[in-house]
Amino acid sequence: MFTFIIRRLVQTIPVLIGVTILTFSLMHLIPGDPAQIMAGESASPAQIEQMRERLGLNEAIPVQYAKYVSGAVQGDLGNSIRSGRPVAQEISGRFWVTVELAIYSTILSVFIGLIAGVISATKHYTFTDVAIMIVALFGLSMPNFWLGLMLIQWFAIGFDIGPINTGWFAASGWGSWQQIVLPVITLGTAGAAIIARMTRSSMLEVIGQDYIRTARAKGVKEQVVIYRHALKNAMIPVVTVVGLQFGSLLGGAVLTEMVFAVNGMGRLIIDAIRARDFPIVQGTVLVFSLLFVAVNLLVDIAYRFLNKRIDLN
């Protein structure tokens with residue numbers, strides 16, 4: 001296990017180098033002069049030159065890249081153009097909001113998806129199976145932003161159940177349930193649909209194996225056969241999907257955060273793009289990439305705990 005983790009960490013080095021090159025290139029791939037764009041259209045030549053010196057754009061590109069990587073390794077991602085604060089501080093204020101939202105949404109997705117997938121697999125080709133798969137297809141096809149707007153319309157306006165708070169902050173503690181429920185349902189719906197379909201497919205493949213028929217022939221209770229023998233061995237592809245879903249939620253909850261005014265990293269990067277605050281954009285893209293690499297590593301390690309026959313060495 002330890003050897004596998006070390007090897008995977010070494011393999012991530014080229015990935016991280018590629019990520020740093022891409023994020024560094026954001027400053028140079030935008031049309032026009034980055035210094036002029038950040039300084040503003042009405043900026044004077046002296047102000048533009050001052051901005052260029054401030055960003056280090058007057059140095060050679062290899063020197064700029066070396067300084068960028070050196071600062072990123074030390075946690076220095078530069079300073080925000082808008083606020084002048086360090087990018088790391090700007091991100092840290094929003095980071096845990098997005099992580100909290102992703103965790104809650106993933107838990108909801110796994111809970112609903114596993115139950116729906118197992119029921120659908122054990123009752124395959126019945127009305128229950130078809131109904132669950134139709135609902136899953138509908139959940140997979142719905143755009144998140146549309147579902148979020150509909151939930152606000154139904155619960156906050158139509159049924160008048162209660163105030164639906166927006167502007168979710170996590171700086172003073174974990175968000176209240178009124179701030180959490182609707183964004184979590186919005187993001188968890190598509191994930192639950194994917195997990196349900198994958199669980200059904202994987203369970204149907206496992207249920208047809210010889211050892212499942214042998215367990216049933218020995219008189220083992222059906223619940224034990226399904227949940228102890230079949231589900232455990234069917235979880236490997238499901239864990240892969242869950243890991244990918246969690247990684248995508250960390251970086252892909254932008255529209256949901258905008259609909260519910262959630263002050264997470266997705267909203268931060270949108271605001272930074274609008275304001276041409278490219279140091280913030282570079283920093284958030286780099287953090288998202290590092291998180292995705294870490295999630296993939298944890299998923300690979302989880303394989304070993306689900307199936308002892310998998311050799312990670």
Side-chain angles (χ1 to χ4, degrees), residues 96-124 126 128-144 147-148 150-151 154-155 161 164 168 170 174-207 222-253 256-257 259-260 262 264 291 295-296 298-299 301-303 305-307:
W96 292 112
V97 177
T98 298
V99 171
E100 181 183 348
L101 180 60
I103 290 174
Y104 285 153
S105 301
T106 302
I107 292 174
L108 179 66
S109 299
V110 172
F111 179 76
I112 297 177
L114 284 180
I115 293 176
V118 171
I119 293 175
S120 183
T122 54
K123 300 182 180 296
H124 56 284
T126 65
T128 302
D129 177 27
V130 174
I132 290 176
M133 287 300 101
I134 290 176
V135 173
L137 181 61
F138 180 70
L140 186 61
S141 304
M142 275 190 307
N144 284 340
L147 178 60
M150 292 300 100
L151 290 176
W154 294 334
F155 289 98
I161 293 178
I164 303 299
W168 178 2
W174 290 57
S176 68
W177 68 271
Q178 288 179 316
Q179 296 171 318
I180 291 173
V181 171
L182 294 188
V184 167
I185 293 175
T186 301
L187 284 178
T189 302
I194 296 174
I195 292 173
R197 293 168 65 88
M198 179 58 68
T199 302
R200 177 185 182 275
S201 177
S202 184
M203 282 287 293
L204 288 177
E205 182 178 352
V206 171
I207 287 175
E222 186 66 15
Q223 290 183 347
V224 176
V225 172
I226 295 299
Y227 292 101
R228 183 175 179 180
H229 298 287
L231 181 59
K232 183 177 180 180
N233 290 304
M235 280 297 292
I236 292 180
V238 177
V239 168
T240 303
V241 171
V242 172
L244 293 175
Q245 284 294 312
F246 184 75
S248 64
L249 286 175
L250 289 172
T256 303
E257 291 185 2
V259 168
F260 291 98
V262 176
L291 287 175
V295 169
N296 287 334
L298 292 176
V299 168
I301 295 174
Y303 292 160
F305 293 97
L306 291 172
N307 193 335

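None of the values given here were measured: they were computed from a predicted structure.
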Closest heavy-atom pair and its distance - [X], [Y]:
X	Y	answer
T98	L249	CG2-O, 4.4 Å
A196	M133	O-CE, 4.3 Å
L187	S105	CB-OG, 3.4 Å
H124	D129	CA-OD2, 3.4 Å
G188	S109	O-OG, 2.9 Å
V184	Y104	CG2-CB, 3.5 Å

From [X] atom [atom1] to [Y] atom [atom2], the distance as rounded to the nearest 0.5 Å:
X	Y	atom1	atom2	answer
I194	L244	CD1	CG	9.5 Å
M142	L147	CE	CG	4.5 Å
M203	M235	CE	CE	10.5 Å
L151	N144	CG	CG	10.5 Å
T122	I207	OG1	CD1	6.5 Å
L182	T256	CG	OG1	11.0 Å

Heavy-atom neighbours of Q223 CD exceed 12 at 6.0 Å = no

Is it the case that the side chain of [X] and the backbone of [Y] share a donor-acceptor pair, with hydrogens and angles ignored and the cut-off at 3.5 Å?
X	Y	result
S202	T199	no
T106	A102	yes
S141	L137	yes

query = Are T240 and M198 close enough that some pair of their side-chain heavy atoms sits under 4.5 Å apart?
reply = no

query = Is there side-chain contact between V238 and V110, with heavy atoms separated by less than 4.5 Å?
reply = no

key: Residues I132, K123; criterion side-chain contact (heavy atoms from CB on, under 4.5 Å); working and verdict   = CA-CA 10 Å; I132 290 176; K123 300 182 180 296; over 6 Å; no

